[in-house]
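Residue numbering restarts at 1 for every chain, and letters A, B, ... go by the order of the sequence lines. Treat the numbers as computed from the prediction; the structure is a model and nothing was measured.
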Number of protein chains: 2
Amino acid sequence: MPSKHRSDALAAIHETAADLHRVGGMDQKTMRKFDALCLTPIQEMTPKKIRALRTREKASQTVFAAYLNVTPSLVSKWERGEKHPQGASLKLLSLVDKKGLEVVA
Amino acid sequence: MPSKHRSDALAAIHETAADLHRVGGMDQKTMRKFDALCLTPIQEMTPKKIRALRTREKASQTVFAAYLNVTPSLVSKWERGEKHPQGASLKLLSLVDKKGLEVVA
DNA sequence: CAGTCTATGGCACTAAGTGCTACACTTTAG
DNA sequence: CTAAAGTGTAGCACTTAGTGCCATAGACTG
């Protein structure tokens, strides 16, 4: 489902990538567009993966939820597959997956 | 609205804080609960603040959205006050606010 | 002028996320 | 032995954040 913004983001990136390459030397600030190329792709988050992630971080659902600024109830639903993290939630989860709970402290 | 999980998280933290203090020496892993005490409180995100944040990072709505894994449409709505970031989105925003766009790359 | 990037705006729709409550299980304390 | 607290599951009613699509308009550039 996250197909539109995914593709149009990639489109924007690829389109501008050529430009940037052509320009050669460029300002760090405008280079933001290029940075998007380096965005770590977000993978699906299965219930198992979420629970594994949380237990890896040795956190209860309540504490884990506090870190992510969501309700404990939601974490439970994620882990039971009742609700599926998406958008910002998914990003946050994969961020924790990659860098650990500390980064979101 | 984020009152329940906020308070019950704080409750859990405060309750256990005493325990932890009493115990004295403790294992890094179980100390997770204590970590929650150090969670940076998330502030309200007004439309102005969001836009200021994005422009500070020199990103277009599209690129900004890509970083947060949301749609450009939503970023626009945030900045116009049509929709209000919450939960994970809010956390992500205040994370960018504090540490910059790079950390979510 | 054509093309691209930018942002706004609206509208229909889905499901993520909240809030609350009750239940069962385990561990710890008294 | 028992009370208390922390843990996770479960369900239900409800709200609104977030998606998707598309049409519009301004700015900038070759």
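Side-chain proximity of T71(B) to dG17(C), dG20(D), dT8(C): nearest is dG20(D). Nearest nucleotide to the side chain of S60(A), out of dG8(D), dT19(D), dA7(C): dG8(D). Of all nucleotides listed (dT18(C), dA7(C), dA16(C)), dA16(C) comes nearest to the side chain of H84(A).
Here S89(A) reaches the OP1 or OP2 of dG17(C): one of its side-chain N or O atoms lies under 4.0 Å away. Look at S76(B) and you'll find a side-chain N or O under 4.0 angstrom from OP1 or OP2 of dT8(C). Taking side-chain N and O atoms only, R51(A) has a distance below 4.0 Å to OP1 or OP2 of dT9(D). Between Q61(A) and dG6(D), a side-chain N or O to OP1/OP2 separation shorter than 4.0 Å is absent. At least one side-chain nitrogen or oxygen of W78(A) sits closer than 4.0 Å to the OP1 or OP2 atom of dG17(C).
Per the geometry, CZ belonging to F64(B) stands 18 Å off C1' belonging to dC5(C), to the nearest Å. In this structure, M45(A) atom CE and dA16(C) atom P are separated by 16 Å, rounded to whole Å. Taking atom CG of residue N69(B) and atom P of nucleotide dA16(C), one finds them 14 Å apart after rounding to whole Å. Spacing between atom CG of L74(B) and atom C1' of dG17(C) amounts to 14 Å, rounded to whole angstrom units. Rounded to whole Å, atom C1' of dT7(D) lies 9 Å from atom CZ of R54(A). If you measure from atom CG of L90(B) to atom P of dG17(C), you get 13 Å, rounded to the nearest angstrom.
Closest approach of M45(B) and P85(B) over heavy atoms only: CB-CG, 4.1 Å. For the pair V70(B) and A88(A), the tightest heavy-atom approach, listed with the atom from each and the gap, is CG1-N, 3.9 Å. Nearest heavy atom pair, residue V96(A) against residue E57(A), reads O-OE2, 4.2 Å. Of all heavy-atom pairs between P47(A) and G81(A), the closest is CG-CA, 3.6 Å.
Side-chain N or O atoms of T55(B) include none that pairs as donor or acceptor with a backbone N or O of K58(B) at under 3.5 Å. Between the side chain of S94(B) and the backbone N or O of D97(B), no donor-acceptor pair lies under 3.5 Å.
Within the structure, the salt bridge (charged side-chain N to carboxylate O under 4.0 Å, His left out) test picks out the following pairs touching residues 61-88 of chain A (sequence neighbours left out): R51(A)-E79(A), R54(A)-E79(A), K77(A)-E82(A), R80(A)-E82(A).
Between G87(B) and V75(B), the residue whose closest nucleotide on DNA chain C is further toward the 5' end is V75(B).
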N/O-N/O pairs, protein side and nucleotides 10-14 of chain C side, under 3.5 Å:
residue: dC11(C); atom: N4; partner: K77(B); partner atom: NZ; Å: 3.2

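Partners of K91(B) under the side chain to side chain contact (heavy atoms under 4.5 Å, CB included) rule, at least two apart in sequence or in another chain, are N69(A), L92(A), V104(A), L39(B), T40(B), I42(B). The side chain to side chain contact (heavy atoms under 4.5 Å, CB included) search around K99(A) returns V103(A), not counting sequence neighbours.
Using a 4.0 Å cutoff on non-hydrogen atoms, no part of residues 91-99 of chain A comes near DNA chain D.
Q43(B) has its side chain within reach of K49(B): a pair of non-hydrogen atoms, C-beta onward, lies under 4.5 Å apart. Using a 4.5 Å heavy-atom cutoff, the side chains of L68(B) and L74(B) are not in contact. Using a 4.5 Å heavy-atom cutoff, the side chains of T46(A) and W78(A) are not in contact.
Counting only Watson-Crick or G-U wobble pairs whose defining distances are both under 3.5 Å, the stems of 3 or more consecutive pairs in DNA chain C are C:1-5 with D:26-30, C:7-23 with D:8-24, C:25-27 with D:4-6.
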